[in-house]
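Because only heavy atoms are used, hydrogens play no part in the values below, and waters and symmetry mates are left out as well, while side chains stay in.
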Amino acid sequence: MAQEFTAIHAISLVLIGLLNLVLAVLVPRTRPKTDVLPLAVFLFGIALWTIPQGLLLVETDPTVGFALAKTVDSGAVVMSTGLFQFAMAYAGRKLRKRQLAIIYAVTGAWIVLTWTNPAHFLMHEPMQFTEVLLPVEEYQNPIYWLYVLYNWGLSGGGIYVFFLEYLDSRGSGVYHKQARLVVLAPLIPGAANVLAHNGTTEINYSVWGFGATGILIAVALYRYRWLDLVPIARDNVIEGMRDGYLVVDDERRVVDRNPAARSLLGDEKIVGQSVTDVLPESRRLLAGTIQELTITRDGTTVDVTVSAVRDERTEGAVLMLRDVTDQRRAEKRFQALIENVSDVVTVVDEDGTVTYVSPSVRSVLGYDPSDLVGESLFELVHADDRADAIDEFAGLVTYSNTEARFEYRVRHRDGSWLVFEGIAVDLLDNGIIDGVVINSRDVTDRIARERELERTNQRLDEFAGVISHDLQTPLGIAQTYAQFAERSSSEDDFQTLHDAHERMETMITNLLTMARTGTTLEEPSPVSIQSVAEEAWSGIWAREATLECDLEDGWTVPGDHDQLLHVFENLFRNAVEHNDSPITVRVAHIDDDPNQGFLVEDDGRGISPENREIVFDRGHSTTEGGAGFGLAIVRDVVKAHGWQIAVRDRPDGGARFEVDLNSRSDLS
């Protein structure tokens with residue numbers, strides 16, 4: 001057989017081996033995946049099998065020839081082992097570590113057995129290892145054929161697995177072309193090897209066939225991006241997907257599915273069935289009338305979408321199934337939270353137009369959510385606050401990922417104004433929200449309490465001033481004249497002492513009255529103004545003063561009896577103390593209209609125009625020694641009832657105080 005080969009044959013075999021050796025080195029470097037290492041082993045085995053055979057054609061030294069021949073035998077078993085392992089990895093059927101250990105242990109045993117053949121001749125009889133193309137069948141023993149069967153078994157198993165992948169990839173474009181090359185690469189030399197061993201060909205052309213193997217693998221790698229597009233570990237990708245998928249052919253039959261789809265649909269035998277039997281709800285989805293549907297299976301909520309799959313041979317579809325049970329549960333929980341919180345959650349677009357408002361707006365502002373969607377949010381803001389609100393909003397949407405805090409007056413459905421505070425967050429770039437989210441709450445009562453606290457603190461400051469200054473004067477007089485009275489026993493000294501005590505008692509009473517007078521009524525009840533006026537007059541010491549009450553019999557107003565008693569006591573005392581006797585004080589309806597209110601007037605000298613603006617100020621008094629709290633108390637009580645009081649001139653002379661029941665006071 002040696003004379004049939006030339007140096008050209010030898011060189012071609014060496015070049016084929018070098019090509020596969022280069023690929024064996026490049027593949028792990030350019031494709032850094034553990035799954036391609038068996039491919040490198042396969043290519044390296046080809047190099048071990050072909051390069052020594054090329055050298056054997058020109059080698060004349062028997063010792064060197066033996067080493068080359070044993071390298072050829074070793075390369076053959078390494079090649080078949082790498083081919084089988086890579087085929088299993090390529091198809092997503094990875095071998096377990098224990099299985100790999102057994103295969104490689106057997107491979108190693110064959111390598112040891114072939115190198116030690118001169119000691120036992122189990123593999124073949126003594127032969128000439130020069131200028132010959134192996135194997136030389138007439139010298140082989142039965143053990144050698146077991147070795148050949150092992151190699152053919154691994155190689156054939158690998159080629160078969162590749163062929164199955166080729167069948168699965170038919171009609172899938174570039175994947176089909178990849179699979180075709182992957183099948184042909186080991187099949188060509190394998191077929192040549194079989195033909196040589198069964199005597200069909202006199203020369204074993206498989207060694208040159210591996211040149212085609214290297215070329216085909218190079219084309220698959222760098223022309224059709226082999227190992228880039230084909231998922232080597234299908235079990236780790238498709239089979240391990242949390243989402244399910246169904247592949248449907250042009251006759252609407254399920255031709256493939258993954259374990260997730262089988263689990264979601266609860267059917268073990270899905271493949272081969274009509275998709276309308278497996279998933280009846282998918283009819284409209286496959287017909288294109290809807291883009292997405294949601295189904296429920298045994299308490300599991302599944303979203304289903306469809307994608308068309310077409311090529312030159314067939315047309316089908318892929319249905320993707322996603323378990324959204326937890327997502328829907330979270331959405332419902334979030335929706336329940338939004339719909340039941342007292343805060344108002346509003347979403348507006350970049351122009352300030354309302355796109356969503358939470359149901360809590362009904363109880364807070366009296367609007368139905370549908371009334372506000374599509375309307376400008378700024379129309380609800382008080383005119384005095386609107387310009388600031390628009391400027392603040394413009395600044396928010398101009399600088400993304402920022403937030404703004406605000407406090408504005410907002411119109412209630414009944415026309416009243418409430419104070420709202422909140423925070424606005426720009427989520428216009430959020431694909432789900434796509435708007436500015438505003439979380440706001442009614443703080444009208446809190447603001448009122450804060451203002452009441454401010455007024456209370458102001459009163460405390462005034463009380464402190466009175467106590468520290470005004471009470472010191474009568475207290476000092478009382479202390480001084482007490483000493484005088486002890487020494488002189490003079491009635492004038494005792495009278496001065498009594499007057500000082502009365503002055504302090506009056507001031508303390510007024511201070512307590514102011515402290516107890518709030519700005520709102522907790523529980524108003526019907527009060528007879530005539531009864532209150534007569535009761536208050538009975539407590540005023542005025543020998544030459546007269547009270548006239550011209551109120552309608554049985555006329556009442558909603559209010560607080562004790563607080564209104566302070567009003568009349570202070571108005572009556574103010575009339576008596578600031579006028580000379582005799583004096584007449586009159587209580588009557590404003591313009592004789594019970595619905596308008598009531599007035600208290602006297603026929604004294606009246607109040608000068610310059611004092612009318614400050615007559616209700618605390619501490620203001622036109623008499624020597626006056627504390628200036630009487631009319632301030634009157635104003636606070638009237639204000640607490642929601643009424644308004646004004647000072648007027650009486651047509652015939654004197655002062656008139658009118659309490660208007662219909663003019664709401666400014667409670668702010």
Mind running side-chain contact (heavy atoms from CB on, under 4.5 Å) on Gln596 and Asp660 for me, showing each step along the way?
CA-CA 6 Å; Gln596 186 69 25; Asp660 190 343; 3.3 Å; yes
About how many Å separate [atom2] of [Y] and [atom1] of [X], when rounded to the nearest 0.5 Å?
X	Y	atom1	atom2	result
Leu365	Ser440	CG	OG	7.5 Å
Glu375	Leu380	CD	CG	8.5 Å
Leu279	Leu246	CG	CG	7.0 Å
Arg441	Arg446	CZ	CZ	8.5 Å
Tyr356	Asp434	OH	CG	16.0 Å
Glu421	Glu407	CD	CD	6.0 Å

Which heavy atom of [X] sits nearest a heavy atom of [Y], and at what distance?
X	Y	value
Glu392	Arg405	OE2-O, 4.3 Å
Val527	Gly559	CG2-O, 3.5 Å
Glu379	Arg386	O-NH2, 4.0 Å
Ser358	Pro369	O-CG, 4.1 Å
Leu599	His589	CD2-O, 3.8 Å
Tyr367	Arg411	OH-O, 3.2 Å

When Phe420 is tested against each of Val443, Val410, Thr444, Val381 for side-chain contact (heavy atoms from CB on, under 4.5 Å), which residue passes?
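Result for side-chain contact (heavy atoms from CB on, under 4.5 Å) with Phe420: Val410.
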Within 6.0 angstrom of Arg284 CZ, more than 12 heavy atoms from elsewhere:
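Incorrect, the count does not exceed 12.
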Just checking Glu658: does its CD atom have more than 12 heavy atoms from other residues, nucleotides or ligands closer to it than 6.0 angstrom?
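Yes, because the 6.0 Å sphere around CD of Glu658 holds more than 12 heavy atoms from other groups.
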Answer yes or no: is there a donor N or O on one side and an acceptor on the other, between the side chain of [X] and the main chain of [Y], under 3.5 Å?
X	Y	value
Ser360	Asp343	yes
Asp649	Ala655	no
Thr325	Thr301	yes
Asp591	Asp593	no

Any heavy-atom pair between the side chains of [Y] and [X] that's under 4.5 Å?
X	Y	value
Trp555	Ile529	yes
Leu396	Val436	yes
Val254	Val247	no
Thr355	Val348	no
Phe378	Asp385	no
Val302	Thr296	no
Val419	Tyr408	no
Ile438	Ile423	no

Under the side-chain contact (heavy atoms from CB on, under 4.5 Å) rule, what do Leu319 and Leu286 come out as? Steps first, then yes or no, please.
CA-CA 9 Å; Leu319 298 178; Leu286 293 170; 3.9 Å; yes
Between His641 and Trp643, how do the two ring planes meet: parallel, tilted or perpendicular, split at 30° and 60°?
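Plane angle between 30° and 60°, so tilted.
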Taking the six-membered ring for Trp, are Phe598 and Phe568 parallel (under 30°), tilted (30 to 60°) or perpendicular (over 60°)?
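The rings of Phe598 and Phe568 lie parallel, inter-plane angle below 30°.
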Salt bridge (Lys or Arg N to Asp or Glu O under 4.0 Å), that's the test. Do Asp368 and Arg362 meet it? Break it down for me.
CA-CA 5 Å; Asp368 190 86; Arg362 291 191 185 95; 3.1 Å; yes
As a quick check of understanding, evaluate side-chain contact (heavy atoms from CB on, under 4.5 Å) for Leu293 and Ile295, giving each step before the final call.
CA-CA 7 Å; Leu293 65 87; Ile295 64 173; 3.1 Å; yes
Is the closest basic N to carboxylate O distance between Arg322 and Asp303 below 4.0 Å?
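Judged by the 4.0 Å cut-off on N to carboxylate O distance, Arg322 and Asp303 do not form a salt bridge.
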Tell me yes or no: between the side chains of Thr353 and Asp351, is some donor less than 3.5 Å from an acceptor?
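Note: Thr353 and Asp351 side chains miss the donor-acceptor criterion.
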Salt bridge (Lys or Arg N to Asp or Glu O under 4.0 Å) between Glu281 and Arg283, worked out
CA-CA 6 Å; Glu281 300 90 342; Arg283 287 187 178 91; over 6 Å; no
Would Asn570 and Leu631 count as a side-chain contact (heavy atoms from CB on, under 4.5 Å) here? Give the steps.
CA-CA 7 Å; Asn570 282 285; Leu631 292 181; 5.6 Å; no
